[in-house]
Amino acid sequence: MQINDKSEVKSYLANSTRYQSMTFRRSGNSGALLPAISLGLWHNFGFVDNIQNGREILRTAFDLGITHFDLANNYGPPYGSAEENFGTIFKNDFKSYRDELFIASKAGFDMWPGPYGNWGSRKYLIASLDQSLKRMGLDYVDIFYHHRPDPHTPLEETMGALADIVRQGKALYVGISNYAPKETQEAAVILKRLNVPFILHQARYSMFDRWIEDGLLDTLEQIGVGCIAFSPLAQGMLTDKYISGIPENSRAAKTLTYLDTDTVKSNLVKIQKLNEIAKARGQKLQQMAIAWILRQKQVASVLVGASSANQLKDNVEALNNLSFSKEELTEIEKIIA
């Protein structure tokens with residue numbers, strides 16, 4: 001699927017006021033500043049999706065001051081298609097803004113057949129990034145992540161590959177994702193010895209998934225690395241979508257997704273109670289859920305997906321109210337504990 005240059009889509013000129021309302025946060029002890037809300041291209045940007053809708057979402061994001069676009073080698077479907085579609089949109093709309101963008105890719109999950117298309121070997125990581133750069137039409141990414149720990153490859157090999165990727169000029173910074181606290185600490189030691197700028201840990205975090213509070217946030221604080229939270233809305237549960245049940249066309253109602261009807265039903269009472277607190281704050285549930293994550297000082301950014309430009313605008317409005325009273329936090333804790 002490609003953008004049809006003969007279509008009625010107008011050429012893009014970014015909003016001149018795009019930086020006036022976005023909040024930027026420092027990632028750990030680094031010089032990198034990230035928008036408090038970043039855009040993830042995990043869903044809605046593959047060949048199975050409407051590329052013009054993706055183009056509108058990306059334009060809206062940048063117009064709102066979102067400079068960080070997060071991809072991975074196997075985002076789609078099919079694998080690689082999100083990067084390829086992004087590359088097409090980048091060439092048409094964002095090439096002149098390259099130095100204002102902070103673009104990420106990752107490798108670590110299944111990508112191509114055989115022993116060299118998965119996990120964390122030097123061969124896989126370097127080959128994968130070369131492919132990603134070609135698909136996106138980029139000379140470099142701003143940050144490249146190892147997407148998950150590899151229990152079979154020595155950590156020194158994986159981190160050494162990340163170091164060489166930086167030295168080759170293919171990435172400015174490196175990060176890791178889905179690493180436990182101990183693994184994160186060990187990776188940090190190696191990368192510091194190699195003098196490589198390790199600035200971000202991408203971790204799943206939401207009101208319904210709080211594993212990073214059990215040691216990881218403290219570890220990141222100690223080593224001076226920021227956190228970027230993905231799945232902040234628990235695959236859509238922390239939105240107003242399921243307040244009255246499970247809509248027919250919702251993610252939970254579909255097969256082959258990361259959310260099922262049983263999970264939604266088991267959390268429905270919590271969702272409804274949280275929604276009442278959000279309404280009292282003058283927010284939608286999804287906005288409060290994002291604000292709740294940003295209360296953590298180690299969190300540099302919250303990574304949101306979007307199926308439409310309006311949905312993205314709605315999420316960004318979370319930044320209008322980031323403060324919580326002690327009473328609100330106590331009540332939320334009673335619900336989600």
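Sequential numbering from 1 along the given sequence is applied to the chain's residues.
Both tests pass for R98 against the ring of Y140: distance under 6.0 Å to the centre and angle within 45° of the axis.
A search for ring-ring contact (aromatic ring centres under 6.0 Å, His included) contacts involving Y116 returns nothing, not counting sequence neighbours. Applying the side-chain contact (heavy atoms from CB on, under 4.5 Å) criterion to E328, with sequence neighbours excluded, gives R281, F324, S325. Partners of Y97 according to the side-chain hydrogen bond (donor to acceptor under 3.5 Å, both in side chains) rule, which considers only residues two or more places apart in sequence or in another chain, do not exist here. Residues forming a side-chain hydrogen bond (donor to acceptor under 3.5 Å, both in side chains) with Q168 (at least two apart in sequence, or on another chain): K170. Residues satisfying the ring-ring contact (aromatic ring centres under 6.0 Å, His included) criterion with W112, sequence neighbours excluded, are Y124.
Sorted by first then second residue, the ring pair (Phe, Tyr, Trp, His ring centres under 6.0 Å) pairs that include residues 164-196, not counting sequence neighbours, are F102-Y173, H146-Y179.
The line from CZ of R122 to CG of L162 is 10.5 Å long, rounded to the nearest 0.5 Å.
For the 3.5 Å distance criterion, the side chains of Y242 and N267 fail to qualify, holding no donor opposite an acceptor.
Ring geometry, F62 versus F94: the interplanar angle exceeds 60°, so the pair is classed perpendicular (tilted spans 30 to 60°).
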Kindly indicate, with the supporting measurements, whether the criterion salt bridge (charged side-chain N to carboxylate O under 4.0 Å, His left out) is fulfilled by E333 and R210. CA-CA 11 Å; E333 187 64 29; R210 303 171 64 183; 3.0 Å; yes
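Under the side chain to side chain contact (heavy atoms under 4.5 Å, CB included) test applied with N85, the options D49, L41, I51 reduce to a single match, I51.
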